[in-house]
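All heavy atoms count here, side chains included; hydrogens, waters and symmetry mates do not.
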Amino acid sequence: MIRSVFAFLLIATGFAACSPNNVTADNSLEKYFKENNVTGCWGLFDNGQGHFTVSNISHFTDSTYLPASTFKIVNSLIGLENGTVQDSSSVIPFDSTRSYREECKGDMNMYNAFRLSCPNWYQELADQIGQPIMQKWLDTLGYAQRNKRFVIENNLDTFWLDNSAKVTGDEQLGLVKRLYFDQLPFSKRSMRIVRNMMLWENNSNYQLYYKTGWGTDENKNQIGWIIGWIEENKHPYFFSLQVKSADANIDMKAVRMNILKGILKQYGFMEGKK
């Protein structure tokens, strides 16, 4: 089950996860949201020290939003585990009846669909997986169950986009942490394939893995995510960034990356000194 990382620490240590011993609320991080005219939250977990740094902690642990394309992590894992796709080179033929962006047109393998974040490819994957198997895995993971069990209805290919399934920043961080440590209920092979698709920056100083997400909530707010980890000197630090804006014309790609890189630089990452 995908427990929140706070819940994980509570079980592992016997103490409340948000005690002063292992959580720092850093209000200085709010400047990155304000500079970009958005609201949101941030959580960073230093695995070596068992310590959280959080901005807007109540938002991080309690506010739920559509996962948007961050669900491609789970969708990929289920497709691999079920054998619907064999590996990241598996191709799904293009279906022109689905809505698609121009760069998502044509037959495509999973690696490119993941990296381009093509909704149409992953909608087809969900349909091929089928509702019973998808629901079984969501139940096994405890996915999107912050308030109650999530049940797929007549939206197998849209539930992660249409605001029916919702997750917290805390849950998102827990997902990537367990993915890194092979702690999800999937084969190590499936998890390794998905991790490899998440690697975006790889140099002598650090490796940066992440998946983005972008959608619209019920009130027409733009919701953005970046979830993943940065690794320096073989030490992983897991993060979850969520942003919200009422501006329909926001450059979400630039905004969420500006915030991510700004925070990481403030904490001294990307220099190979961690």
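Residues Y210 and W200 bring their aromatic ring centres within 6.0 Å. F45 and Y237 have their aromatic ring centers separated by at least 6.0 angstrom.
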Per-pair distances, 0.1 Å, donor-acceptor, side chain in residues 111-120, under 3.5 Å, sequence neighbours excluded:
| from | atom 1 | to | atom 2 | distance (Å) |
| --- | --- | --- | --- | --- |
| Y111 | OH | R115 | NE | 3.4 |
| N112 | ND2 | N109 | OD1 | 3.4 |
| R115 | NH1 | M197 | O | 2.9 |
| R115 | NH1 | L199 | O | 2.6 |
| R115 | NH2 | L199 | O | 3.3 |
| S117 | OG | S69 | OG | 3.1 |
| S117 | OG | K211 | NZ | 2.9 |
| N120 | ND2 | C104 | O | 3.3 |

Listing, residues 240-250 side-chain donor-acceptor contacts under 3.5 Å, not counting sequence neighbours, or none:
| from | atom 1 | to | atom 2 | distance (Å) |
| --- | --- | --- | --- | --- |
| S240 | OG | G169 | O | 3.0 |
| Q242 | OE1 | H59 | NE2 | 2.7 |
| S245 | OG | D247 | N | 3.0 |
| D247 | OD1 | N249 | N | 2.8 |

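Atom-to-atom distance recorded for Q86:CD and T84:OG1 is 9.0 Å, nearest 0.5 angstrom. One distance of note links CD1 of I259 with CD1 of I226; it measures 8.5 Å at 0.5 Å rounding. For the atom pair OG (S96) and NZ (K105), the distance works out to 8.5 Å, reported to the nearest 0.5 Å. Once rounded to the nearest 0.5 Å, the distance linking CZ of F269 with CZ of F239 reads 9.5 Å. Note that CG of D46 is 11.5 Å distant from CG of N22, once rounded to the nearest 0.5 Å. Of the inter-residue distances, the one linking S76 atom OG with I193 atom CD1 reads 9.5 Å to the nearest 0.5 angstrom.
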| said: With side-chain contact (heavy atoms from CB on, under 4.5 Å) as the criterion, how do F33 and T39 come out once you've worked through the C-alpha distance, each side chain's angles and the decisive distance to 0.1 Å? | reply: CA-CA 6 Å; F33 296 91; T39 58; 5.9 Å; no

| request: Step by step, work out the side-chain contact (heavy atoms from CB on, under 4.5 Å) result for I92 and M110. | output: CA-CA 8 Å; I92 290 182; M110 184 165 70; over 6 Å; no

| request: Report the C-alpha distance between L264 and M270 in whole Å, list the side-chain angles of each, state the deciding distance to 0.1 Å, and finish with yes or no for side-chain contact (heavy atoms from CB on, under 4.5 Å). | output: CA-CA 7 Å; L264 291 178; M270 299 183 287; 4.0 Å; yes

| Run the side-chain contact (heavy atoms from CB on, under 4.5 Å) check on W229 and N47 step by step: do they pass? | CA-CA 10 Å; W229 61 90; N47 191 74; over 6 Å; no

| Step by step, would you call E231 with Y206 a side chain to side chain donor-acceptor pair (under 3.5 Å)? | CA-CA 6 Å; E231 190 168 353; Y206 67 93; over 6 Å; no

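The closest donor-acceptor contact from the side chain of N203 to the backbone of N205 lies under 3.5 Å. A donor-acceptor pair is defined here as one N or O able to donate and one able to accept, closer than 3.5 Å; such a pair exists between the side chain of N75 and the backbone of Y122. Of the possible donor and acceptor atoms, one in the side chain of D217 sits under 3.5 Å from a partner among the backbone N and O of N221. Remark: the backbone N or O of T97 is paired with a side-chain donor or acceptor of D95 at under 3.5 angstrom. A donor-acceptor pair under 3.5 Å is formed between the side chain of N233 and the backbone N or O of G272. In this structure, the side chain of W121 engages the main chain of M108 through a donor-acceptor pair within 3.5 Å. Using modelled atom types, no side-chain atom of E271 and backbone atom of G268 make a donor-acceptor pair closer than 3.5 Å. Within the 3.5 Å criterion, the main-chain N or O of Y267 finds a donor-acceptor partner in the side chain of K274. Side-chain atoms of R189 never come within 3.5 Å of backbone atoms of L80 as a donor-acceptor pair (strictly under, hydrogens ignored). The main-chain N or O of I152 is found under 3.5 Å from a side-chain atom of Q135 such that the two form a donor-acceptor pair.
Between the side chains of Q172 and T70, a donor-acceptor pair is found at a separation under 3.5 Å. Donor-acceptor pairing under 3.5 Å is lacking for the side chains of T24 and D26. For the residue pair D162/N155, the side-chain donor-acceptor check at 3.5 Å is satisfied. Residues Y32 and S55 have side chains that never bring a donor and an acceptor to within less than 3.5 angstrom of each other. Side-chain atoms of Y143 and E171 form no donor-acceptor pair, as typed in the model, at a separation below 3.5 Å. Side chains of E81 and S190: a donor on one and an acceptor on the other come within 3.5 Å. Side chains of T168 and D170: a donor-acceptor N/O pair is absent below 3.5 angstrom, by distance only.
The pair R195-D182 meets the salt-bridge criterion, with a side-chain N (NZ, NE, NH1 or NH2) lying under 4.0 Å from an Asp/Glu carboxylate O.
The neighbour count for K31 NZ, taken as heavy atoms of other residues, nucleotides or ligands under 6.0 Å away, is above 12. Environment of CD in E153: sparse, with no more than 12 heavy atoms of neighbouring residues, nucleotides or ligands closer than 6.0 Å. Atom CG of D107 has more than 12 neighbouring heavy atoms from other residues, nucleotides or ligands inside a 6.0 Å radius.
Ring geometry for F181 versus F238: interplanar angle of 30 to 60°, hence tilted.
Within the 4.5 Å cutoff, no side-chain heavy atoms of V38 are placed close to those of Q222. Between E30 and N56 the shortest side-chain heavy-atom distance falls below 4.5 Å.
Taking the ring-ring contact (aromatic ring centres under 6.0 Å, His included) definition, one finds that W137 meets it with F186, sequence neighbours left out. Among residues two or more places apart in sequence or in another chain, the ring-ring contact (aromatic ring centres under 6.0 Å, His included) test is passed with F159 by F71, F150.
There is a path of hydrophobic side-chain contacts, each under 4.5 Å, that joins L77 to W225. A single hydrophobic cluster is seen to contain both I78 and M198, as judged by linkage of ILVMFWY side chains at heavy-atom distances under 4.5 Å, directly or through other members.
Other members of the cluster containing Y100 are F94, with ILVMFWY side chains joined at under 4.5 Å, either directly or via other members.
The salt bridge (Lys or Arg N to Asp or Glu O under 4.0 Å) pairs that include a residue from residues 121-138 are R98-E124, R98-D127, where partners are two or more places apart or lie in different chains.
For V167 against P67, the heavy-atom pair with the smallest separation is CG2-CB, 3.9 Å. Here the shortest heavy-atom pairing between L66 and G215 reads CD1-CA, 4.1 Å.
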